[in-house]
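Here is the structure we will look at, set down as structure tokens.
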Amino acid sequence: MTAKWVSEELYEGWRQQFRIRKELVHTKSPFQDIMVCESEEFGRVLFLDGVVQITEKDEFVYQEMLSHVPLIAHGKAENVLIVGAGDGGVLRRVLQHSTVKKADMVEIDGEVIEISKKYLPTIAGQAWSDPRANVIVGDGVAHVKQAGNGVYDVIIVDSTDPIGVGEVLFTDEFYENCARILSEYGLIVNQCGVPFLQADELRETSQRRKKFFPYVSAYCAAVPTYIGGFMTLGVASKNPAGLEVSLQTLKERANQAGLEGKTRYWTPALHRAAFVLPPYIAEQLP
């Protein structure tokens, strides 16, 4: 029997392939092509428009770093907005924090949520039924535009790259509204691609955020299925306190949030180290 392979061709001159046992679902929503496969090496894999979004085996790296870094950096985040993240993994990590009182999650494609619930149940776990979770199927850009001033402490944007349905989440207008709806010590985090291959994504996104946030930085996570080296997560803040946190304070906040023993990648020490950028990445920041 010939093995079946599924390719991700995000880059014109480079692709990766997954040997799969079976295709679980493949459909087109009004917004994008959605596929979930059972792979031999990484468990179940979610593809959107042919691009890997998450795998069961390494999802914890990306989800933990996208969620725990801004929440622990803030220290007292009670109200969190998640834009995108239809697989529920970010929602799950945000709700691990006992300090969080409410998490609004706005995902434009309801089919991603339903498919994730059915075929990727381990990603979100019990997050969908947590009373603090408010899951909205709708336009994240519109939600940010309509939200009141200073209503969120942390905004986490878990989107596709700035093409297709995710493109509107990388605009000046979006970041301007994000700055408006964040509280005094608010932070925003969003994925900024793999800078070895997508340097313009980190550079241009950081330049846009700098127009509306005085403090802009980025940190790294090594996610095996995001090929090309370090994945960067861009962070912007209204206050420098969120980007300059001592190791001892990080440890104290992690203990207060109830994270001890609940992470597989994030730790207070790794949190600090993730902001130490190699020059080829650091030079992309304003």
Could you go through E184 and N239, starting from their C-alpha distance and side-chain angles, then the distance that decides it, and tell me whether this counts as side-chain hydrogen bond (donor to acceptor under 3.5 Å, both in side chains)? CA-CA 7 Å; E184 180 183 0; N239 192 292; 5.1 Å; no

Under the 3.5 angstrom rule, does the side chain of R272 hit a backbone N or O of V245 as a donor-acceptor pair? yes

Is it true that atom CD of Q126 has more than 12 heavy atoms of other residues, nucleotides or ligands lying nearer than 6.0 Å? no

Do any N or O atoms from the side chain of R180 and from the backbone of V144 form a donor-acceptor pair under 3.5 angstrom? yes

For H97, give me all partners under side chain to side chain donor-acceptor pair (under 3.5 Å), at least two apart in sequence or on another chain. H68

Check: G193 main-chain N/O paired with Q191 side-chain donor or acceptor under 3.5 Å: yes

Verify, without hydrogens or angle tests, whether N190 (side chain) and V235 (backbone) share a donor-acceptor contact under 3.5 angstrom. no

Quick check: closest heavy atoms across G228 and L197, and the distance to 0.1 Å? CA-CD1, 3.8 Å

Using modelled atom types only, decide if a donor and an acceptor are shared between the side chain of R21 and the backbone of S39 within a distance under 3.5 Å. yes

Under the 3.5 angstrom rule, does the side chain of D153 hit a backbone N or O of N79 as a donor-acceptor pair? yes

Would you mind telling me which of F196, Y62, Y11 makes a ring-ring contact (aromatic ring centres under 6.0 Å, His included) with Y226? Y62

Candidates Q63, H271, E64 - the one meeting side-chain hydrogen bond (donor to acceptor under 3.5 Å, both in side chains) with W266: H271

Pair V189, L66 - check side chain to side chain contact (heavy atoms under 4.5 Å, CB included), show working. CA-CA 7 Å; V189 173; L66 191 62; 3.5 Å; yes

Can you label the angle between the F18 ring and the F47 ring as parallel, tilted or perpendicular, going by 30° and 60°? perpendicular

Is the gap between the ring centers of Y219 and F275 under 6.0 Å? yes

May I ask you to say whether R93 pairs ionically with E59, meaning some side-chain N is under 4.0 Å from a carboxylate O? yes

Within 45° of the axis and under 6.0 Å from the centre of the six-membered ring of F60, does NZ or CZ of R264 qualify? yes

Output yes when a side-chain donor or acceptor of N177 lies under 3.5 Å from a complementary backbone atom of E173, and no otherwise. yes

With salt bridge (charged side-chain N to carboxylate O under 4.0 Å, His left out) as the criterion, how do E38 and K22 come out once you've worked through the C-alpha distance, each side chain's angles and the decisive distance to 0.1 Å? CA-CA 5 Å; E38 181 82 48; K22 59 182 175 179; 6.0 Å; no

Check for a donor-acceptor pair, side chain of K211 on one end and backbone N or O of Q207 on the other, with a separation under 3.5 Å. no

For Q16, give me all partners under side chain to side chain donor-acceptor pair (under 3.5 Å), at least two apart in sequence or on another chain. E8

Give a yes or no answer on whether the side chain of R92 reaches the backbone of I123 with a donor-acceptor pair at less than 3.5 Å. yes

